[in-house]
Amino acid sequence: MSISKSYRLTPQAPYRFDYFQKRVENSSNSYLYSIGENALSRAHIIGGHPVLVHITLDTPSTPNAPVIRLDVQGAHSDARADQAADIWRHMLSIDRPLLPFYQQAATDPVLKTITSDLSGMHLLLDSSPFESTILSIIGQQVNLTFAENLKRSLVELCASSIDVNGSTHYAFPSPEQIAALNYEQLRAMKFSQRKAEYVIDFARGVANGSIDLHSLQGMSNAEAIDYLIKLRGIGRWTAECVLLFGLGRPDLLPAADIGLRNAIQHFWGLDHQPTEQEVREFAVPWRGHESYFTYYLWTALGLARAAQKQQTVTPKAKRKNSKNMAERDKE
DNA sequence: TACCAGGATATGG
DNA sequence: CCATATCATGGT
C-alpha cells in the first residue's frame, strides 16, 4: 500500500542544478545518492518506511526559468510523500533566493568575482539535524577518505534500503537503527572506541527523547550551539556544522574553521593565516549571509587549489591525481 | 617512519 | 582560561 506523488518546484533564478551533482559526486556521502542526466535520487526513511525520491531538472536549457520535478515513490500516505518533498526543498535550499546574497557580495571586488564565477550555486544541505550530527561526528579528526569508509560502513551495517532496477538505495539510518547497535560492531568497522560511543550514545539520546533536536528550530544560533556542545562528542566545530548543513542557518560563521581561514588568506593575499578573531572582523560586512560567504569561499578555494595542482602536475600524473582534485570541496 | 587528518575530552597549571 | 596528553586509524 504505497503511493507515488510528483511535485513541481520553481526556485528563483539563477539556479545551477549541475553544481548539486558535482557536490554530491565529490562529497563523502556520495554513496547515498544516484546521479543521472540532470537528475539525482536518494532514499529516506519516512514514518519508519523507506521511500525513494527522484529529482529532475526539467529545464536544463533555461537556467533563468528553472523547474525541478520531484517524484516520491513508496510513501505510505499523502502526508508522508509531502514530508519527503519537504526534506528535498530543504536540501536543495529551494526557498533561499541567491540575489540578496549576491547584492551584498558586490560591494567587495574579491567576493564579487567569486560569486559571479559560481553564479547559481545553492547550498546543498543534509537531510536532517540528526544525519548532520552523525556525519559530522564521524568526520572529526580523520581524513576524508577514511571518514567516507566509516560513514559507508555505518549505513551498510544498519540502514534500510530499496532495490530499484537492480541498484540498492540506502536510506540514512534512523536514530533507532543506530541506537540498536553496540560499540563492538562499530569497532569492527574501524571506529575508535570513542567515536563508536559518541555516535551510538547520541543516537540513543535522540531515540529515547533525552535529546530533542526539534527544539533547535526555535533557538538562536548561540542557543543551539550551547545546547549541542553540552552533548558528549560534540564540540564547537561539530555544532557549527550542524547549524550550517543540518539546520540550514544562513548566518553561521565558523570563524575557527581552517578551510575558511585558508580561503581568506588566499583570496585577499594576506601574509598570514587570519586568527579566529580576525575572521570575525573580516566577516562583519557578511552579516546575514555568513553561511553563504563561507560556502562559496570553501568551494572557490577548492577550485583554485585544483587548478593550481593541474598546472604543476605532469600530464602523465594527471589522471592519477584527478580524483584528489575533485575531492577538495568542503562536504 | 614520522606526521597529519575539516576534533573532543580530561587533566594540570 | 591556556597548554598538553590522549584517543586510534588510514593516508602520504
Side-chain angles (χ1 to χ4, degrees), chain A residues 23-24 26-31 123-126 131-154 157 183-203 205 211 225-246 249 252-267 273-277 279 283 290-291 293-306 309 312-314 317 319-331:
Chain A
R23 188 157 288 267
V24 165
N26 300 340
S27 83
S28 56
N29 310 318
S30 55
Y31 57 90
L123 270 57
L124 177 62
L125 304 180
D126 292 326
E131 173 183 316
S132 196
T133 308
I134 295 289
L135 294 179
S136 298
I137 290 173
I138 293 175
Q140 289 166 4
Q141 177 62 21
V142 297
N143 67 63
L144 292 174
T145 311
F146 182 42
E148 178 171 355
N149 292 338
L150 295 177
K151 293 170 187 177
R152 184 187 280 110
S153 297
L154 173 70
L157 187 61
Y183 306 142
E184 290 68 30
Q185 286 174 282
L186 293 188
R187 295 282 293 127
M189 301 293 184
K190 308 299 175 69
F191 279 65
S192 66
Q193 177 67 30
R194 265 194 200 169
K195 194 161 283 200
E197 290 172 10
Y198 292 168
V199 166
I200 291 177
D201 291 352
F202 173 74
I211 298 172
I225 288 173
D226 285 346
Y227 180 88
L228 287 168
I229 61 180
K230 288 198 178 75
L231 306 174
R232 180 166 148 82
I234 299 178
R236 185 167 191 92
W237 179 85
T238 303
E240 288 176 339
C241 283
V242 173
L243 264 69
L244 205 166
F245 291 107
R249 294 286 166 95
L252 190 108
L253 181 70
D257 182 88
I258 195 70
L260 177 58
R261 293 163 65 196
N262 284 336
I264 291 174
Q265 178 181 11
H266 177 89
F267 288 111
Q273 188 182 67
T275 64
E276 180 177 345
Q277 185 53 38
V279 171
E290 288 88 341
S291 303
F293 284 105
T294 300
Y295 195 87
Y296 269 62
L297 284 166
W298 280 332
T299 303
L301 181 64
L303 293 173
R305 292 250 169 98
K309 219 177 237 178
T312 58
V313 139
T314 63
R319 204 172 318 128
K320 195 181 173 190
N321 280 339
S322 63
K323 183 154 183 258
N324 290 339
M325 283 157 40
E327 270 174 4
R328 275 320 319 150
D329 273 355
K330 182 116 183 173
E331 179 71 359

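Below, chain A is the first sequence line, B the second, and so on; all start at residue 1.
- Rounded to an integer number of Å, the gap from CZ of Phe146(A) to C1' of dG6(B) is 15 Å.
- Looking at residues two or more places apart in sequence or on another chain, you find a ring-ring contact (aromatic ring centres under 6.0 Å, His included) between Phe293(A) and Phe101(A), Trp286(A).
- Nucleotides dT11(B) and dA8(C) have their P atoms positioned 15 Å apart, rounded to a whole Å.
- Going from atom CG of Asn143(A) over to atom C1' of dC4(B) covers 9 Å, rounded to whole Å.
- When each of dG10(C), dA5(B), dT9(B) is scored by its nearest atom to the side-chain atoms of Gln141(A), the top-ranked nucleotide is dA5(B).
- Under the side-chain hydrogen bond (donor to acceptor under 3.5 Å, both in side chains) criterion, Ser30(A) pairs with no residue at all, not counting sequence neighbours.
- Rounding to the nearest 0.5 Å gives a distance of 3.5 Å between OG1 of Thr299(A) and CZ of Arg23(A).
- Among the nucleotides dA10(B), dG7(B), dT9(C), the one closest to any side-chain atom of Thr238(A) is dG7(B).
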Dot-bracket notation for DNA chain C, counting Watson-Crick and G-U pairs under 3.5 Å, with | for partners on another strand: |||||||.||||

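- We find that CG of Leu150(A) is positioned 17 Å from P of dA5(B), with the value rounded to whole Å.
- Between the C1' atoms of dG6(B) and dC2(C), the separation comes to 23 Å (whole Å).
- When side chains are defined from C-beta on, Leu157(A) counts as touching Leu186(A), because their heavy atoms get closer than 4.5 Å.
- The side chain of Tyr198(A) lies closest to dT9(B), out of dG11(C), dG6(B), dT9(B).
- Across all their heavy atoms, Lys190(A) and Phe146(A) have their closest contact at O-CZ, 3.5 Å.
- We find that CG of Leu228(A) is positioned 11 Å from P of dA8(B), with the value rounded to whole Å.
- When rounded to the nearest whole Å, the span between CD of Glu197(A) and C1' of dA8(C) equals 13 Å.
- Shown for residues 185-195 of chain A: residues whose heavy atoms fall under 4.0 angstrom of DNA chain B, namely Arg194(A).
- For the residue pair Lys151(A) / Ser28(A), a side-chain donor-acceptor distance below 3.5 Å is found, with atom types taken as modelled.
- Taking atom CG on Asn29(A) and atom C1' on dG6(B), their separation rounds to 13 Å, with Å as the unit.
- Distance check, rounded to the nearest 0.5 Å: CG of Leu301(A) to CG of Asn262(A) gives 6.5 Å.
- Straight-line distance from the CG atom of Asp201(A) to the C1' atom of dA8(B): 14 Å, rounded to whole Å.
- Listed for the Ser291(A) side chain is a donor-acceptor partner under 3.5 Å among the backbone atoms of Leu252(A).
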Could you run down the sub-3.5 Å N/O contacts of the protein with nucleotides 1-4 of chain C?
none

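- The aromatic rings of Tyr295(A) and Phe245(A) sit tilted relative to each other, their planes meeting at an angle between 30° and 60°.
- At distances below 3.5 Å, not a single donor-acceptor pair connects side-chain atoms of Gln140(A) with backbone N or O atoms of Lys195(A).
- The shortest side-chain heavy-atom distance between Leu154(A) and Ile134(A) falls under the 4.5 Å cut-off.
- A search for ring-ring contact (aromatic ring centres under 6.0 Å, His included) contacts involving Phe267(A) returns nothing, not counting sequence neighbours.
- Within 3.5 Å, no donor on the side chain of Gln140(A) pairs with an acceptor on the base of dA8(B), nor the reverse.
- Using a 4.0 Å heavy-atom distance criterion, Ile137(A) is classed as making no nucleic acid contact.
- In this entry the distance linking CD1 of Ile229(A) with P of dA10(B) reads 13 Å, nearest Å.
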